[in-house]
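Written out below as C-alpha cells is the structure these notes cover.
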Amino acid sequence: MANFTHRVYNFNAGPAMLPTEVMEIAQNEFLNYRGSGMSVMEMSHRETHFQSILDEATDNLRQLLELPKNYEVVFFPGGATLQFSAIPFNYLKQGESADFSLTGVWSNKAFEEAKKFYPRVREVFNGKESNFMEIPEITDQMISDDAKYLYITSNNTIYGTRYQSFPKIKKAPLIADMTSELLSRKLAVEDFSVIFAGAQKNIGPSGLTIVIFNKEKLPEVNHPIPNLMNYTLMAKNKSLYNTPPTYSIYIAGLVFQYLKKLGGISKMEEINERKAKKLYDTIDSSSFFYAPVPKNNRSTMNVVFRSKDANLDTKFLKLAGEQGFAGLKGYRDMGGFRASIYNAMPEEGVDALISFIKEFEKSHV
Ligand SMILES: *Cc1c(COP(=O)(O)O)cnc(C)c1O
C-alpha cells in the first residue's frame with residue numbers, strides 16, 4: 001500500500017470511513033474529555049460523563065429517526081451477526097417459524113443461524129438464480145400462515161442491491177437488517193418491528209450494534225435467552241446490563257450530532273441520492289465499465305461495477321490505490337469493483353472517483 005500523509009478517499013465496505021469532522025472532535029477530546037481529565041475510553045460506564053454521552057446519543061438517534069415512544073433503542077455489543085441469533089431467540093418460541101427473504105450473503109447467514117435452533121424457518125424468496133441481482137416484491141400471499149415475522153436485509157452490501165420500497169405486508173411483522181444503510185435514507189420506522197445495524201458501515205466503530213424494536217410487539221417466549229441477547233433485559237438496563245462498548249457509543253453519538261447539524265436524514269438522503277446518481281450515470285454511460293445491478297434495485301450505499309476486460313482490473317485497482325482511492329476491490333467471490341459511498345463519503349470523493357474512472361477509460365481502452 002502507498003504511504004499517504006493525508007487521508008484518502010476510503011471506499012471500503014466496512015469498517016468504513018467516518019466523517020473527518022467527527023474524527024477531529026474525537027482527536028481533540030481524546031486525552032481529556034471535556035475537563036474530566038480522562039479519555040472516554042478510560043471512563044466508568046456508571047459515571048455521569050458517560051451517562052450523558054449515552055443519553056445524548058440515544059436522544060439524538062431517536063430524533064433523527066423520529067422514533068415513536070413505543071420503540072426502544074439498545075446499544076448491543078457484538079456485530080450485526082449476534083442479532084442473527086438474538087432475533088429468533090427473542091421472537092420465536094420452540095417449534096415456531098418465520099419467513100426469510102434471501103437476497104444475499106447476510107440474509108443467508110441469518111437464515112442458517114435461525115434454522116439451527118428453529119428448523120421450521122422458511123425461505124419466502126431466494127435470489128440465488130439471479131446471482132442476487134433481484135429484489136423481490138413480497139406480498140401477504142407469499143407469507144406463511146404461521147410465520148411470526150418476515151426477515152429482510154434492506155441493503156445488500158456485497159451485491160449492491162436494496163429494497164427501493166419495503167414490503168408492505170399485514171400478515172407478519174417486519175424485521176430488517178439495515179447494517180449498511182441505516183441513517184442514509186428516510187424511513188417509516190412504524191412499518192418495522194425490529195431494525196438493527198452493525199455500526200461499522202454507516203455509524204461508527206465495529207463491534208457495536210444498534211437495535212431498535214417495538215416493545216409492544218416483543219412476544220413472551222417460554223425459554224431462557226442468553227443475557228446479552230435478551231431484548232427485554234438489555235432494554236430494561238438501558239444498554240448498561242454489562243460494560244457496553246463505551247468508546248464506540250461515544251463515536252456513534254458524535255456521528256448523530258454531525259447528522260443533525262447537517263440537516264437530518266432527509267438532507268443526508270438528498271446528498272446520498274445525488275452522489276449515487278452521478279456515479280451510476282458515469283458507469284452507465286461508459287463503454288468499458290458497467291453496473292450489473294438492474295436500475296430499480298440499485299443501492300445508494302454500495303455501488304458495484306465491473307469492466308469489460310478483467311485483465312485491466314488489477315491495473316485499475318493499483319492506479320486507484322496510488323492516487324488515494326482505497327477499498328475499491330469487489331467482494332472476494334464477486335470480483336470487479338465496489339465503491340461504498342456511505343454517509344461519510346464526501347461528494348468531492350465521488351467526484352474525484354468519477355474523474356479517475358473517466359481518465360482510466362480514456363487512457364487504457
Ligand atoms: C457487514 C454486515 C453484517 C455483518 O456485520 P458484523 O458486525 O461483522 O457481524 C451483517 N449484515 C449486513 C447487511 C452487513 O453489511
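Read the numbers this way: they start at 1 and go in the same order the structure lists the ligands and their atoms.
Here the options are Thr161, Thr157, Asn155, Asn156, the test is side chain to side chain donor-acceptor pair (under 3.5 Å), and the partner is Asn302; only Asn155 passes.
No path of Ile, Leu, Val, Met, Phe, Trp and Tyr side chains, each step under 4.5 Å between heavy atoms, connects Leu319 with Val8, placing them in separate hydrophobic clusters.
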Short N or O contacts of ligand 1 with protein, under 3.5 Å, listed by atom name?
| residue | atom | partner | partner atom | Å |
| --- | --- | --- | --- | --- |
| ligand 1 | 7 (O) | Ala80 | N | 3.0 |
| ligand 1 | 7 (O) | Gln200 | NE2 | 2.9 |
| ligand 1 | 9 (O) | Ala80 | N | 3.1 |
| ligand 1 | 9 (O) | Thr81 | N | 2.9 |
| ligand 1 | 9 (O) | Thr81 | OG1 | 2.5 |
| ligand 1 | 11 (N) | Asp177 | OD2 | 2.6 |
| ligand 1 | 15 (O) | Thr157 | OG1 | 2.4 |
| ligand 1 | 15 (O) | Lys201 | NZ | 2.5 |

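Remark: Arg120 does not engage Glu96 in a salt bridge, criterion side-chain N to carboxylate O under 4.0 Å. Comment: Glu269 engages Lys186 in a salt bridge, judged by a side-chain N to carboxylate O separation of less than 4.0 angstrom.
A centroid separation of 6.0 Å or more is found between the aromatic rings of Phe111 and Phe84.
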Sequence neighbours left out, cut at 3.5 Å: what donor-acceptor pairs do the side chains of residues 210-220 make with other protein atoms?
| residue | atom | partner | partner atom | Å |
| --- | --- | --- | --- | --- |
| Asn214 | OD1 | Glu216 | N | 2.9 |
| Glu216 | OE1 | Asn70 | ND2 | 3.2 |

